[in-house]
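What follows is a short report on a single structure.
Numbering of residues begins at 1 and proceeds along the displayed sequence.
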Amino acid sequence: MNQLFDKKYPVTSSLLLLTTGVFLSMLLLRGFDYESVQTVYDFGGVLGDEIQVDPSQSWRLLAAMFVHVGLQHFVLNMVILYFIGRIAEDLFGSKAFLALYLLSGLMGNLFVLVFSPEVVAAGASTALFGIFGAIVSLRFIARSPYIRYLGQRYTSLILINLLFSFMPGISLAGHLGGLIGGGILAVVFPVYGEQDSVKKSWRWGAVVLYTAGAILLYSWPLLAHPFL
């Protein structure tokens with residue numbers, strides 16, 4: 001990375017700096033204990049069982065995407081963010097890219113809330129899978145041959161990463177949730193120069209689908225266990 005903040009990619013740069021700041025805080029404040037489950041939880045890791053009992057802990061659904069479990073986890077995700085973030089910020093623009101990142105990460109963590117509530121989970125990969133999902137969706141949405149080719153190229157990369165998601169210690173639920181969220185949101189946020197590539201009715205339909213899915217997932221534990 002040639003500079004700490006690239007003005008051409010303000011959102012990617014800001015996300016990198018913020019996530020790095022959180023990781024360094026964990027390291028400085030907790031020392032060799034920086035990658036323990038307790039530290040990850042204290043800094044914002046998602047624990048679905050607790051959120052189900054205490055909704056005031058819902059802030060973790062967003063905070064968790066800035067927290068990482070160990071150096072390898074942090075470095076891998078930041079390298080991916082550095083490269084994929086620039087591509088997505090060019091395609092969607094800074095504001096839409098930020099919305100895609102945060103909302104994809106939120107959907108991924110809602111999947112964690114429902115499908116693996118007993119595990120403390122964290123990491124930017126929920127959001128990154130969302131960005132991958134959004135780019136792959138452009139294969140079917142965009143008119144530009146280059147953008148469609150880009151979406152096709154990332155399809156195989158997603159499949160490979162999903163296979164790795166079955167390894168111990170990796171949140172398959174979070175990855176799938178982020179991927180689905182990003183795929184839906186790609187319809188909502190058009191790429192530069194293709195504002196009319198998707199019908200308005202489809203765009204509003206995607207908004208409703210994402211919103212309804214998020215509400216259902218957040219409410220599901222209560223609906224499934226009304227006397228919890």
Side-chain angles (χ1 to χ4, degrees), residues 6-16 61-62 65 77 80-115 124-162 165 172-220:
D6 190 337
K7 293 181 179 179
K8 186 178 178 182
Y9 302 101
V11 172
T12 301
S13 298
S14 296
L15 291 171
L16 285 166
L61 296 170
L62 284 174
M65 68 186 80
N77 277 345
I80 294 173
L81 173 58
Y82 178 78
F83 290 104
I84 195 67
R86 288 167 164 247
I87 293 171
E89 197 163 353
D90 271 337
L91 288 173
F92 294 98
S94 295
K95 291 180 180 179
F97 167 59
L98 178 60
L100 272 169
Y101 189 90
L102 295 177
L103 291 174
S104 296
L106 174 63
M107 183 61 78
N109 287 325
L110 284 169
F111 266 62
V112 171
L113 169 69
V114 173
F115 298 109
S125 52
T126 52
L128 294 174
F129 262 84
I131 301 304
F132 282 129
I135 292 176
V136 169
S137 293
L138 296 178
R139 174 182 180 182
F140 309 101
I141 298 171
R143 290 192 299 263
S144 165
Y146 166 71
I147 296 176
R148 293 176 69 177
Y149 167 74
L150 191 66
Q152 182 179 359
R153 193 177 71 176
Y154 274 91
T155 301
S156 57
L157 185 61
I158 283 181
L159 294 175
I160 293 171
N161 277 277
L162 281 176
S165 298
L172 176 61
H175 290 179
L176 284 174
L179 185 66
I180 292 170
I184 295 171
L185 292 167
V187 180
V188 179
F189 301 107
V191 296
Y192 273 140
E194 298 202 9
Q195 281 74 10
D196 59 345
S197 61
V198 177
K199 296 178 180 179
K200 286 186 177 180
S201 59
W202 291 13
R203 193 163 294 151
W204 281 110
V207 171
V208 171
L209 180 60
Y210 177 92
T211 305
I215 292 173
L216 178 61
L217 287 167
Y218 185 73
S219 306
W220 183 257

Side-chain polar contacts of residues 88-102 - donor-acceptor pairs under 3.5 angstrom, sequence neighbours left out - could you list them?
from, atom 1, to, atom 2, distance (Å)
E89, OE1, T12, N, 3.0
E89, OE1, T12, OG1, 2.7
E89, OE2, V11, N, 3.1
E89, OE2, S94, OG, 2.6
D90, OD2, Y9, OH, 2.9

Review point. So do the side chains of R203 and P190 get within less than 4.5 Å of each other, counting heavy atoms only?
Key: yes
Review point. Would you call L150 and I87 a side-chain contact if the rule is heavy atoms closer than 4.5 Å?
Key: yes
Review point. Can you find a heavy atom in the side chain of F132 that is under 4.5 Å from one in the side chain of I80?
Key: yes
Check your understanding: Does any N or O in the side chain of T126 come within less than 3.5 Å of the main-chain N or O of G178, such that one atom is a donor and the other an acceptor?
Key -> no
**Study point:** I131 CD1 to L81 CG distance, which is reported to the nearest 0.5 Å
**Key:** 8.5 Å
Revision key, fill the gap. In this structure, CG of N109 is separated from CE of M65 (nearest 0.5 Å) by 5.5 Å
Check your understanding: How far does OH of Y218 sit from CG of L113, to the nearest 0.5 angstrom?
Key -> 8.0 Å
Exercise for review: Answer yes or no: is there a side-chain heavy-atom contact under 4.5 Å between Y210 and L106?
Suggested key: yes
Check your understanding: Between atom CZ of R148 and atom CZ of R143, what is the distance when rounded to the nearest 0.5 Å?
Key -> 10.5 Å
Practice item. Specify whether H175 and F129 have parallel, tilted or perpendicular ring planes, treating 30° as the upper limit for parallel and 60° as the lower limit for perpendicular. Key: parallel
**Study point:** I84 side chain reached by I135 side chain, heavy atoms, under 4.5 Å
**Key:** yes
Practice item. Give the intermediate values and the outcome of side-chain contact (heavy atoms from CB on, under 4.5 Å) for residues V187 and S137. Key: CA-CA 8 Å; V187 180; S137 293; 5.9 Å; no
Review point. Which heavy atom in I147 sits nearest to a heavy atom in A142, and how many Å separate them?
Key: CG2-CB, 3.6 Å
Review point. Distance from L110 atom CG to F115 atom CZ, nearest 0.5 Å?
Key: 10.5 Å
Review point. Can you find a heavy atom in the side chain of D6 that is under 4.5 Å from one in the side chain of R86?
Key: yes
Revision key, fill the gap. So CG of L103 and CD1 of I184: to nearest 0.5 Å the spacing works out to 11.0 Å
